[in-house]
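Report on the structure given below.
Atom set for the values below is all heavy atoms of this structure, side chains included, hydrogens, waters and symmetry mates excluded. Quantities reported herein were computed from a predicted structural model and do not represent experimental measurements.
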Amino acid sequence: VQLQASGGGLVQAGAFLRLSCAASGRTFSSYALGWFRQAPGKEREFVAGVSANGDNTYITDSVKGRFTVFRDNARNTVYLQMNSLKPEDTAVYYCALDHCTRGGSHYYSGDVLRLFGSWGQGTQVTVSS
């Protein structure tokens, strides 16, 4: 499975964006998927995750209430809806497949990058104040 993220851009604080992660391959719907971001000079961090069937979602505390994640397996696409954007949301956003688990609260543990693969190329989100 190959992933391609898109939908980033330059917006003002308070605006919204919807990122898309499009997948090729017939097994996409078998995987949980995560969204991550990496700001300049910082480590890549978990933002949101969704189980294979879309029933369970996981949102990190720093964006909870502003970001939602959902998927359309018929379209082989996962979305990250980002509302009320803040300058601190500025980063390159990546999507990746969970090759190891079906998702769960362990996504909040801080040690989850090792679970993911098939990384997309990333899409830049810049939020101006």
Side-chain angles (χ1 to χ4, degrees):
V1 179
Q2 292 184 322
L3 304 178
Q4 183 169 350
S6 62
L10 171 62
V11 296
Q12 291 187 330
F16 66 91
L17 284 172
R18 177 177 289 184
L19 304 185
S20 299
C21 177
S24 61
R26 292 179 293 177
T27 59
F28 170 76
S29 61
S30 300
Y31 294 97
L33 187 138
W35 282 98
F36 296 77
R37 66 186 181 186
Q38 188 165 18
K42 295 188 176 181
E43 294 185 350
R44 192 168 299 189
E45 64 174 355
F46 171 79
V47 176
V50 59
S51 61
N53 62 7
D55 286 352
N56 297 298
T57 61
Y58 314 91
I59 307 291
T60 196
D61 284 346
S62 62
V63 304
K64 194 167 290 183
R66 300 187 296 120
F67 290 14
T68 57
V69 58
F70 57 99
R71 66 193 297 164
D72 183 345
N73 283 341
R75 296 179 183 271
N76 273 13
T77 304
V78 175
Y79 302 93
L80 183 67
Q81 178 69 38
M82 307 188 296
N83 298 330
S84 302
L85 284 161
K86 302 177 180 181
E88 51 263 43
D89 295 320
T90 295
V92 178
Y93 284 70
Y94 300 89
C95 55
L97 294 180
D98 183 347
H99 284 284
C100 301
T101 78
R102 295 182 180 274
S105 59
H106 57 275
Y107 281 177
Y108 305 126
S109 71
D111 183 25
V112 295
L113 287 177
R114 58 185 174 83
L115 304 178
F116 288 84
S118 304
W119 292 87
Q121 86 287 3
T123 184
Q124 176 71 48
V125 172
T126 304
V127 184
S128 63
S129 58

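Between atom CZ of residue Phe46 and atom NE2 of residue His106 there is a gap of 9.0 Å, rounded to the nearest 0.5 Å. Atom OG of Ser29 sits about 9.5 Å away from atom CG of Asn53, to the nearest 0.5 Å. Summarising the geometry, atom OG belonging to Ser6 is positioned 8.0 Å from atom CD belonging to Gln121; distances are rounded to the nearest 0.5 Å. Distance check, rounded to the nearest 0.5 Å: OG of Ser51 to OH of Tyr31 gives 15.5 Å. Note that CG of Asn76 is 12.5 Å distant from OG of Ser20, once rounded to the nearest 0.5 Å. Separation of atoms CG (Leu80) and CZ (Arg71) is listed at 13.5 Å; rounding is to 0.5 Å.
Of the residues Leu19, Val11, Val47, the one that meets the side-chain contact (heavy atoms from CB on, under 4.5 Å) test with Met82 is Leu19.
Side-chain atoms of Leu33 and Cys21, non-hydrogen and from C-beta on, do get closer than 4.5 Å to each other. Looking only at side-chain heavy atoms (C-beta outward), Phe67 and Thr57 stay at 4.5 Å or farther from each other. The shortest side-chain heavy-atom distance between Gln12 and Leu85 does not fall under the 4.5 Å cut-off.
More than 12 heavy atoms of other residues, nucleotides or ligands sit less than 6.0 Å from atom CZ of Phe70. In the displayed structure, Gln2 atom CD is contacted under 6.0 Å by at most 12 heavy atoms of other residues, nucleotides or ligands.
Note on Tyr94: it clusters hydrophobically with Tyr58, by side-chain heavy-atom contacts below 4.5 Å among ILVMFWY residues. Taken together through direct or relayed side-chain contacts under 4.5 Å among Ile, Leu, Val, Met, Phe, Trp and Tyr, Val127 and Phe36 form parts of separate hydrophobic clusters. The hydrophobic cluster containing Leu3 also contains Val69, counting ILVMFWY residues as joined when their side-chain heavy atoms lie under 4.5 angstrom apart, directly or transitively. Under a hydrophobic clustering in which Ile, Leu, Val, Met, Phe, Trp and Tyr are joined whenever their side-chain heavy atoms come within less than 4.5 Å, directly or via other members, Tyr79 and Phe28 fall into different clusters.
Minimum heavy-atom separation, Gly7 to Thr123: N-OG1, 3.9 Å. For the pair Pro87 and Ala13, the tightest heavy-atom approach, listed with the atom from each and the gap, is CD-CB, 4.1 Å. Nearest heavy atoms, Gly103 versus Ala32: N-CB, 4.0 Å. Considering every non-hydrogen atom in both Leu17 and Gly9, the closest pair reads CD1-N, 4.0 Å. Of all the heavy atoms in Ala91 and Ala39, the pair that sits closest is CB-N, 3.8 Å. His99 and Ser118 get closest at one heavy-atom pair: NE2-OG, 2.9 Å.
With sequence neighbours excluded, no residue satisfies salt bridge (charged side-chain N to carboxylate O under 4.0 Å, His left out) with Asp98. By the side chain to side chain contact (heavy atoms under 4.5 Å, CB included) test, Asp111 is found to be paired with Ser109, Arg114, residues two or more places apart in sequence or in another chain being considered.
Within the structure, side chain to side chain donor-acceptor pair (under 3.5 Å) contacts touching residues 34-43 (residues at least two apart or in different chains) are Arg37-Glu45, Arg37-Asp89, Arg37-Tyr93, Gln38-Arg44.
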Could you go through the ring pair (Phe, Tyr, Trp, His ring centres under 6.0 Å) check for Tyr107 and Phe116 one step at a time? CA-CA 11 Å; Tyr107 281 177; Phe116 288 84; 5.5 Å; yes

If you apply the rule side-chain hydrogen bond (donor to acceptor under 3.5 Å, both in side chains), what do you find for Thr126 with Gln124, and how did you get there? CA-CA 6 Å; Thr126 304; Gln124 176 71 48; 3.2 Å; yes

Residues Leu113, Trp119; criterion side chain to side chain contact (heavy atoms under 4.5 Å, CB included); working and verdict: CA-CA 10 Å; Leu113 287 177; Trp119 292 87; 3.6 Å; yes

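Between the side chain of Tyr108 and the backbone N or O of Ile59 there is at least one donor-acceptor pair closer than 3.5 Å.
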